[in-house]
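Single-structure report; data block below.
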Amino acid sequence: MTGRFIFILCWAALVALAPALGGAGARAQDLSALARLDPVRSLVSAARGGEIVLDLGLSQPVPFRAYLLDDPPRLVVDFREVDFAGLRPEALTGADRLADLRWGRFRPGWSRLVAELPGPMRIAEAAQDTGAAPRVRVRLLPVSAADFAARGGNAPQGAGGAATSALWDLPQPAVVEEPRRRQTGDRPLFVVLDPGHGGIDPGAEHGALSEAVLVLTFARELKEALTRAGMRVLMTREEDVFVPLETRMTVARAAGADLLLSIHADALAEGVATGATVYLLDEAASDMAAQQLAERHDRADLLAGVDLAGHDDAVAGVLMDLARAETHPRAVRLSQVLAGAIKAEGLKMHKHPVQGANFSVLKAPDIPSILLELGFMSSEADRARLIDPAWRARMAKAIVTAVQSWGQADAAEARLLRQ
Ligand SMILES: [Zn+2]
């Protein structure tokens with residue numbers, strides 16, 4: 001994946017910051033608070049020759065770094081955590097000069113801004129003004145596609161270390177281990193809950209409601225319900241931070257989970273779809289709607305710089321295929337039991353309650369993994385349900401029932417197979 005890395009710019013800003021940090025006591029105290037983005041002093045402007053300038057006014061200087069990624073060409077700026085104060089990227093003056101602009105917490109202590117560029121560009125300047133009105137400025141100039149690609153190949157030796165550190169969350173080469181022994185009911189069932197999206201990636205949005213926050217709320221409630229029922233639960237994120245899809249799956253595998261349940265709430269631009277839907281991995285899912293859904297879910301990773309395209313090749317192996325052959329029917333049963341329990345609880349389901357889609361998060365070869373869309377954020381009726389604690393409690397109850405009953409049948413089958 002290092003080929004995707006095109007260009008990195010300096011920690012010069014950090015060096016420039018050093019004198020500011022050595023300032024008076026009062027100043028040092030100010031610096032301990034989060035830097036805040038000042039929308040009045042922030043904008044995207046354009047100049048002759050296709051130049052694009054991104055100015056970010058900050059309440060105080062912060063260490064930052066800027067670099068470009070390919071496919072599509074993107075600018076990434078990582079900062080020590082910045083409080084974006086609820087300002088939405090599209091509200092930034094001139095934001096429409098960029099195809100897509102996002103920001104948010106990337107991981108604890110760090111924030112990330114990602115902008116999709118109108119074409120191949122180079123960073124002509126990335127600097128921080130650490131004076132009375134601190135500001136990060138990134139100036140971009142268009143280049144040819146060949147020039148853009150060549151810069152990747154010519155990344156200076158010295159930038160190598162920095163480049164590596166900038167890619168802290170890119171997937172490591174997959175280790176093909178022996179598939180984990182499946183549960184036989186001799187210990188509590190171990191469930192990994194995966195609240196979708198988070199941080200830089202809010203997921204579907206409607207007004208002030210974001211899918212990332214909604215599914216996190218639900219996952220916390222569900223964790224409590226599952227724990228009360230005697231199960232072990234781990235969440236892929238406990239707060240509003242970005243977690244790459246592959247990391248979510250890796251967390252479940254590293255922990256030795258018995259199943260992974262990813263939780264989302266979809267939105268459609270058109271149509272009047274409502275109700276919950278259970279999704280299973282189907283790498284051949286060619287249905288247009290399923291494909292678009294997979295793109296909506298995986299696109300955030302692309303924007304955050306984690307492009308998993310082709311990565312599966314490295315993971316693939318005979319062991320994995322064997323494991324999948326055993327895991328898939330178990331996931332199918334889980335999806336059926338879950339859809340049945342949701343219906344039995346009298347909760348609204350989509351007219352096609354169980355569907356296949358090619359979601360990266362479901363690709364663990366040895367852990368039955370399913371994705372539950374609680375409902376559609378684009379539907380007023382579904383939104384009302386999603387924000388209703390009583391409805392969420394019923395949904396959590398249905399899931400607990402389903403997971404318990406699936407776990408028992410699954411353990412019985414494992415014991416049988418072992419004899
Ligand atoms: Zn989602």
Side-chain angles (χ1 to χ4, degrees), residues 102 104-107 191-227 233-245 247-249 251-252 257 259-268 273-280 293-301 303-304 335 338-339 342 345 347-350 353 355 357 359-362 369-400 402-403:
R102 294 189 189 197
R105 275 182 85 195
F106 179 63
R107 60 178 210 175
V191 182
V192 165
L193 288 183
D194 172 45
H197 312 277
I200 188 176
D201 167 25
E205 290 179 290
H206 190 276
L209 276 184
S210 84
E211 178 184 0
V213 171
L214 244 163
V215 297
L216 180 60
T217 304
F218 179 75
R220 283 180 179 143
E221 294 165 355
L222 178 58
K223 176 183 181 179
E224 209 184 300
L226 289 164
T227 309
V233 181
L234 178 75
M235 293 194 1
T236 53
R237 65 179 180 97
E238 295 269 2
E239 49 186 333
D240 191 20
V241 292
F242 178 78
V243 183
L245 292 174
T247 304
R248 296 170 190 254
M249 180 187 95
V251 162
L259 69 105
L260 181 140
L261 175 58
S262 188
I263 298 162
H264 288 255
D266 197 14
L268 289 178
T274 61
T277 319
V278 183
Y279 282 92
L280 279 164
L293 181 69
E295 275 163 23
R296 280 201 295 282
H297 284 292
D298 289 4
R299 191 176 150 68
D301 262 21
L303 276 167
S335 68
L338 180 57
I342 294 172
E345 184 58 41
L347 300 169
K348 173 102 177 114
M349 287 219 77
H350 188 260
Q355 298 184 39
F359 293 138
S360 304
V361 75
L362 299 180
S369 304
I370 58 173
L371 185 145
L372 174 64
E373 296 277 3
L374 292 169
F376 290 86
M377 299 244 323
S378 45
S379 149
E380 198 184 332
D382 278 8
R383 281 199 306 278
R385 291 190 263 264
L386 288 165
I387 59 171
D388 174 11
W391 182 89
R392 293 200 305 265
R394 289 173 64 202
M395 179 57 91
K397 187 179 152 211
I399 297 171
V400 170
V403 170

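Taken to the nearest 0.5 Å, the CD atom of E373 stands 10.5 Å off from the CE atom of M349. For the atom pair R220 CZ and E238 CD, the distance stands at 7.0 Å (nearest 0.5 Å). Summarising the geometry, atom CG belonging to D194 is positioned 11.5 Å from atom CG belonging to L372; distances are rounded to the nearest 0.5 Å. In this structure, CH2 in W391 is found 12.0 Å from NZ in K348, a value given to the nearest 0.5 Å. One distance of note links CG of L260 with CG of L234; it measures 10.0 Å at 0.5 Å rounding.
Counting heavy atoms from C-beta on, the side chains of L193 and L226 come closer than 4.5 Å. For the pair R105 and E239, the minimum side-chain heavy-atom distance is below 4.5 Å. Using a 4.5 Å cut-off on side-chain heavy atoms (C-beta onward), L209 and L386 make no contact. Put simply, the side chain of I342 reaches to within 4.5 Å of the side chain of M395, judged on heavy atoms. L280 is not listed as a side-chain neighbour of L362, based on a closest heavy-atom distance of 4.5 Å or more.
When each of T247, L245, V243 is tested with V361 by the rule side chain to side chain contact (heavy atoms under 4.5 Å, CB included), just one qualifies, namely L245.
Here the closest heavy-atom approach between residue T227 and residue K223 is recorded as OG1-O, 2.5 Å. Residues E345 and A398 share a closest heavy-atom pair of CB-CB, 4.0 Å. Of all the heavy atoms in R385 and R392, the pair that sits closest is O-CG, 4.5 Å. For V192 against A257, the heavy-atom pair with the smallest separation is CG2-CB, 3.4 Å. The two atoms that bring S379 and T274 nearest to each other are OG-CG2, 3.3 Å, heavy atoms only. Pairing each heavy atom of R102 with each of P202, the nearest pair is NH1-CD, 4.4 Å.
One N or O on the side chain of D382 and one on the backbone of G275 form a donor-acceptor pair closer than 3.5 Å. The closest donor-acceptor contact from the side chain of R383 to the backbone of M377 lies under 3.5 Å. Formation of a donor-acceptor pair under 3.5 Å by the R248 side chain with backbone atoms of P195 is found in this model.
The environment of CD in E205 is crowded: more than 12 heavy-atom neighbours from other residues, nucleotides or ligands sit within 6.0 Å.
Looking at residues two or more places apart in sequence or on another chain, you find a side-chain contact (heavy atoms from CB on, under 4.5 Å) between A212 and H197, S210, R237, D240.
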Verdict with reasoning, L374 to L214, per side chain to side chain contact (heavy atoms under 4.5 Å, CB included): CA-CA 10 Å; L374 292 169; L214 244 163; over 6 Å; no
